[in-house]
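Contents: one structure, followed by commentary.
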Amino acid sequence: MGDLLCLVLGVALLAIIARALLSWFPNARDSGFARIVDRVTDPVIVPVRRAVPPIRMGGGALDLSTLIVAVAIGMLRSIVC
């Protein structure tokens, strides 16, 4: 059971990292892979984004929700695995 949970957390962390990397390439957001990653990660990212809205910086905004979720998964992995 512990090994399965470690595997799920590892895959979730990879999906979060993939989402962050894809956000750097606006044209990649329309790919099928990006839609799958969004669909998998949205259930975790969206509630965090509601709780911690993006920080306004000049003409843009800094969304910390992906970083918060990645750190939380990493911490959970270090405890469980």
So, using side chain to side chain donor-acceptor pair (under 3.5 Å) as the criterion, who are the partners of Thr66 when residues are at least two apart? none
Name all residues meeting the side-chain contact (heavy atoms from CB on, under 4.5 Å) criterion together with Ile17; count only those two or more places apart in sequence or in a different chain, and write none if there are none. Leu13, Leu21
Ser31: partners by side-chain contact (heavy atoms from CB on, under 4.5 Å), with sequence neighbours left out: Phe33, Ala34
Any pair counted as disulfide (SG to SG under 2.5 Å), so long as it reaches residues 21-63, sequence neighbours left out: none
If you link ILVMFWY side chains whenever their heavy atoms are less than 4.5 Å apart, which other residues fall into the same cluster as Val40? By chain and number, please. Ile36
Tell me, please, which residues at least two apart from Val8 pass side-chain contact (heavy atoms from CB on, under 4.5 Å). Leu4
Mind checking who shares a hydrophobic cluster with Val11, ILVMFWY linked at side-chain heavy-atom distances under 4.5 Å? Leu7
Would you list the atom pairs, donor with acceptor, under 3.5 Å between side chains in residues 45-56 and any protein atom, with sequence neighbours excluded?
| from | atom 1 | to | atom 2 | distance (Å) |
| --- | --- | --- | --- | --- |
| Arg49 | NE | Asp63 | OD2 | 2.9 |
| Arg49 | NH2 | Asp63 | OD2 | 2.7 |

State plainly whether one hydrophobic cluster holds both Val37 and Phe25, where clusters connect Ile, Leu, Val, Met, Phe, Trp and Tyr through side-chain heavy atoms under 4.5 angstrom apart. no
In short, disulfide (SG to SG under 2.5 Å) pairs touching residues 32-68 with sequence neighbours left out are none
Under the disulfide (SG to SG under 2.5 Å) definition, can you give me all pairs with a residue in residues 34-81, not counting sequence neighbours? Cys6-Cys81
What distance do Ile73 atom CD1 and Leu14 atom CG have between them, rounded to the nearest 0.5 Å? 10.0 Å
I'd like to check the side chain to side chain donor-acceptor pair (under 3.5 Å) partners of Arg29; sequence neighbours left out, ordered by chain and number. Asp38
Just grab all the disulfide (SG to SG under 2.5 Å) pairs involving residues 27-64, residues at least two apart or on different chains. none
Out of curiosity, does Ile68 fall in the hydrophobic cluster containing Val44 (side-chain heavy atoms, cut-off under 4.5 Å, transitive links)? yes
